[in-house]
Peer 1: 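Let me give you the structure first, and then I'll get to my questions.
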Amino acid sequence: MAPKDGAKKRSSALVVLVLVALGIYALDQISKYLVVTGLAEGDTVRVLNDVLQLHFVRNPGAAFSLATGMTWIFSIIAVAVVVFIVWFAGRIRSLAWGLVFGLLLGGVLGNLTDRLLREPSFGLGHVVDFISTPWLIPAIYNVADMSIVTSMIIFMWLTIRGVGLDGRRGAATEGGAPASGTPDSAAPTPTQLAP
């Protein structure tokens, strides 16, 4: 890959990452603002009967309200993930990987904002959850949560297909010969993604 072509792909991937992250973050924070100002905590609004409901709760823990006494740990982990994504973003040359990390960054920033700025205190704030789909999963979640889960699904799909950070499949080239992998073209492993 020519240096100029690689720089162009990196720029495009970074633009996707930033725009997706900003869009998800804005959508998450606006939706939470509307819920907090429009509903009382514990209220339920049936949008589509039991298919989709709005149910306003404040979550001090992780998914499914696990580890409710460890909010500060989730704040630290979220900060570490944000720092890692910012550091790692320069390696991305693929729009698909830009989408993955944009979704992850936007979602993590959305919930981190709640943990830092909402009651009861800085770093211990409760996350605003309000989307309920009882027929699908017994949990109440938000836009940031959906974004994080979507990023993980796309991450697994790209990894299973062997799509590298440069957008090329790592297993073979067009002619069927094995491709020579480089650290920048290989898909990140879970250990590389750990903060």
Side-chain angles (χ1 to χ4, degrees), residues 1-32 62-63 73-116 127 129 131 133 136-137 139 141-195:
M1 181 187 304
K4 190 174 182 180
D5 188 38
K8 185 177 179 182
K9 287 186 175 183
R10 179 172 54 213
S11 296
S12 298
L14 284 174
V15 167
V16 168
L17 189 157
V18 170
L19 290 179
V20 170
L22 289 175
I24 292 296
Y25 180 76
L27 184 60
D28 178 69
Q29 292 300 301
I30 291 169
S31 62
K32 288 174 178 174
I73 292 177
F74 297 123
S75 298
I76 292 171
I77 292 171
V79 169
V81 169
V82 169
V83 170
F84 172 80
I85 292 172
V86 171
W87 169 79
F88 192 77
R91 297 183 182 195
I92 302 169
R93 308 278 191 285
S94 159
L95 297 182
W97 281 108
L99 174 64
V100 168
F101 285 100
L103 288 167
L104 181 60
L105 181 59
V108 170
L109 283 173
N111 284 340
L112 177 61
T113 299
D114 286 10
R115 295 191 192 285
L116 295 180
V127 174
D129 288 333
I131 301 170
T133 48
L136 181 62
I137 52 173
Y141 46 97
N142 57 44
V143 172
D145 297 333
M146 292 190 302
S147 181
I148 292 168
V149 169
T150 302
S151 75
M152 292 299 102
I153 291 170
I154 301 172
F155 170 86
M156 290 187 292
W157 180 70
L158 292 173
T159 302
I160 289 169
R161 294 187 65 232
V163 177
L165 292 174
D166 61 358
R168 294 183 295 179
R169 305 247 340 229
T173 60
E174 288 181 15
S180 58
T182 63
D184 282 350
S185 67
T189 64
T191 54
Q192 288 175 312
L193 288 176

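Quick note: numbers below take in every heavy atom, side chains included, and nothing from hydrogens, waters or symmetry partners. For the single chain, residues carry numbers from 1 onward in sequence order.
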Peer 1: What's the shortest heavy-atom distance between Asp28 and Ala144, and which atoms?
Peer 2: OD1-N, 3.0 Å
Peer 1: In sequence, state the C-alpha distance, the side-chain angles, and the governing distance for Tyr25 and Thr113, and then conclude on side-chain hydrogen bond (donor to acceptor under 3.5 Å, both in side chains).
Peer 2: CA-CA 9 Å; Tyr25 180 76; Thr113 299; 2.9 Å; yes
Peer 1: What distance separates Ile154 CD1 from Leu99 CG, expressed to the nearest 0.5 Å?
Peer 2: 4.5 Å
Peer 1: After noting the C-alpha distance and the side-chain angles of Lys32 and Asp114, does the key distance pass the salt bridge (charged side-chain N to carboxylate O under 4.0 Å, His left out) rule?
Peer 2: CA-CA 9 Å; Lys32 288 174 178 174; Asp114 286 10; 2.9 Å; yes
Peer 1: Looking at Ser147 and Val143, would you say the former's side chain and the latter's main chain have a donor-acceptor pair under 3.5 Å?
Peer 2: no
Peer 1: Do Asn142 and Ser31 come close enough that some side-chain heavy atom pair is under 4.5 Å?
Peer 2: no
Peer 1: Would you call the rings of Phe84 and Phe88 parallel, tilted or perpendicular if under 30° counts as parallel and over 60° as perpendicular?
Peer 2: parallel
Peer 1: What's the spacing between Ser151 OG and Ile85 CD1 if we round to 0.5 Å?
Peer 2: 8.0 Å
Peer 1: Just wondering, do Met152 and Leu104 contact through their side chains at under 4.5 Å, heavy atoms?
Peer 2: yes
Peer 1: Is Arg161 positioned over the aromatic face of Trp157, cation under 6.0 angstrom from the ring centre and no more than 45 degrees off axis?
Peer 2: yes
Peer 1: So Asp166 and Ser94, do their side chains get closer than 4.5 Å, heavy atoms only?
Peer 2: no
Peer 1: Atom CG of Leu109 and atom CG of Leu22: how far apart are they, to the nearest 0.5 Å?
Peer 2: 9.0 Å
Peer 1: May I ask you to decide if Gly164's main-chain N or O and Trp97's side chain share a donor-acceptor pair within less than 3.5 Å?
Peer 2: yes
Peer 1: Let me confirm one number: the CG-CZ distance from Leu14 to Arg93, rounded to the nearest 0.5 Å.
Peer 2: 8.5 Å
Peer 1: Can you check whether Val15 reaches Leu19 side chain to side chain, under 4.5 Å on heavy atoms?
Peer 2: yes
Peer 1: With a 4.5 Å heavy-atom cut-off, do Val81 and Leu112 have their side chains touching?
Peer 2: no
Peer 1: Provide the closest heavy-atom pair for Leu105 versus Ala21 in the form atom of the first, atom of the second, distance.
Peer 2: CD2-CB, 3.9 Å
Peer 1: So Phe74 and Val127, do their side chains get closer than 4.5 Å, heavy atoms only?
Peer 2: no
Peer 1: To the nearest 0.5 Å, how far apart are CG in Leu17 and OG in Ser12?
Peer 2: 12.5 Å
Peer 1: Does the side chain of Ile131 come within less than 4.5 Å of Met146's, by heavy atoms?
Peer 2: yes
Peer 1: Can you tell me how far CD1 of Ile76 sits from CZ of Arg115, rounded to the nearest 0.5 angstrom?
Peer 2: 11.5 Å
